[in-house]
Amino acid sequence: MERAKNLILLHLCVVIFSLTSVFSKLASGEYVSGGLTNPMLYLYLFLMFLDCFIYAICWQKMIKRFPLNIGYANRSLYLVWSQLWAVLIFHETLTVRNVLGMLTVLVGVIVVSLSAEHGEKEREE
């Protein structure tokens, strides 16, 4: 049960990190529409840096609970969340290549997680 809770918290950290790309894209749009004098540009830049700060604290706390290979493999799911935000917030379309790329990342995370779990069981025996 504790492991599941930790995995959920780890993925919450990844979701937080994925929001950085949302704020970055919003800031870019504000820059294009109003240049450096646009106050919304600075709001989104602030939110982007705040998001990175919150993520850094969360990540440091979470990485202590997992082997590095598990933590970093799961962090790569950032790509999946970024694609989800692109579709939901910016109404972008997913291509077959996007879906194949996300499936590749997902399979990689599963393989690394299962192999690490198998390695832990062997060490216990």
Side-chain angles (χ1 to χ4, degrees):
M1 188 63 165
E2 185 70 21
R3 181 169 168 81
K5 177 185 157 195
N6 286 338
L7 272 173
I8 290 170
L9 291 172
L10 177 67
H11 284 274
L12 184 59
C13 287
V14 173
V15 169
I16 289 169
F17 182 60
S18 71
L19 291 173
T20 302
S21 63
V22 172
F23 295 131
S24 176
K25 185 162 183 150
L26 290 170
S28 174
E30 293 299 327
Y31 176 73
V32 168
S33 68
L36 291 175
T37 59
N38 189 342
M40 291 302 291
L41 167 68
Y42 297 102
L43 173 66
Y44 290 132
L45 287 175
F46 170 76
L47 290 173
M48 187 175 68
F49 285 114
L50 179 65
D51 186 63
C52 286
F53 177 75
I54 292 168
Y55 164 73
I57 292 170
C58 291
W59 181 254
Q60 291 303 313
K61 293 201 175 285
M62 289 312 303
I63 200 67
K64 294 176 185 176
R65 300 178 187 192
F66 294 96
L68 284 178
N69 58 343
I70 298 294
Y72 281 99
N74 280 274
R75 192 174 82 165
S76 65
L77 290 174
Y78 155 83
L79 299 170
V80 175
W81 284 105
S82 294
Q83 287 295 316
L84 181 66
W85 301 140
V87 170
L88 293 177
I89 297 171
F90 301 109
H91 308 291
E92 295 179 7
T93 57
L94 283 179
T95 66
V96 173
R97 293 176 98 180
N98 294 130
V99 173
L100 288 174
M102 288 187 295
L103 287 174
T104 302
V105 168
L106 189 59
V107 167
V109 169
I110 291 169
V111 167
V112 169
S113 296
L114 290 176
S115 67
E117 189 175 301
H118 180 71
E120 286 178 18
K121 286 181 181 177
E122 283 184 355
R123 280 190 291 269
E124 288 175 2
E125 294 173 354

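Heads up: numbering here begins at 1 and tracks the sequence.
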Using ring centroids (six-membered ring only for Trp), state whether W85 and Y78 fall under 6.0 Å.
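No, too far apart.
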
Candidate pair I89 and K25, rule side-chain contact (heavy atoms from CB on, under 4.5 Å), full reasoning:
CA-CA 11 Å; I89 297 171; K25 185 162 183 150; over 6 Å; no

Using modelled atom types only, decide if a donor and an acceptor are shared between the side chain of [X] and the backbone of [Y] within a distance under 3.5 Å.
X: D51; Y: L47; result: no
X: S24; Y: T20; result: no
X: N98; Y: T95; result: yes

Begin with the C-alpha distance, continue with both residues' side-chain angles, and end with the deciding distance and a verdict on side-chain contact (heavy atoms from CB on, under 4.5 Å) for L9 and R65.
CA-CA 10 Å; L9 291 172; R65 300 178 187 192; 3.6 Å; yes

Hydrophobic clusters join Ile, Leu, Val, Met, Phe, Trp and Tyr when side-chain heavy atoms are under 4.5 Å apart, directly or via other members; which others share one with V96?
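Listed partners: L100.
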
Spell out, yes or no, whether L36 and M40 are grouped together once hydrophobic residues are joined by side-chain heavy atoms under 4.5 Å, including indirect joins.
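Linked, L36 and M40 end up in one cluster.
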
Please round to the nearest 0.5 Å and tell me the distance separating atom CZ of R75 and atom OH of Y55.
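Going from the CZ atom of R75 to the OH atom of Y55 covers 4.0 Å.
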
Which distance, rounded to the nearest 0.5 Å, do you find between the CZ of F53 and the SG of C58?
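Answer for the CZ-SG pair, F53 versus C58, is 10.0 Å.
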
Residue pair F90 / L26, side-chain heavy-atom distance below 4.5 Å:
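The answer is yes; the side chains approach within 4.5 Å.
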
Keeping to residues at least two apart or across chains, list the side-chain hydrogen bond (donor to acceptor under 3.5 Å, both in side chains) pairs with something in residues 35-47.
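Every side-chain hydrogen bond (donor to acceptor under 3.5 Å, both in side chains) pair that includes a residue of residues 35-47, provided the two are not neighbours, is E30-N38.
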
OH/Y31: more than 12 non-hydrogen atoms of other groups inside 6.0 Å:
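It does not: Y31 OH has 12 such atoms or fewer within range.
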
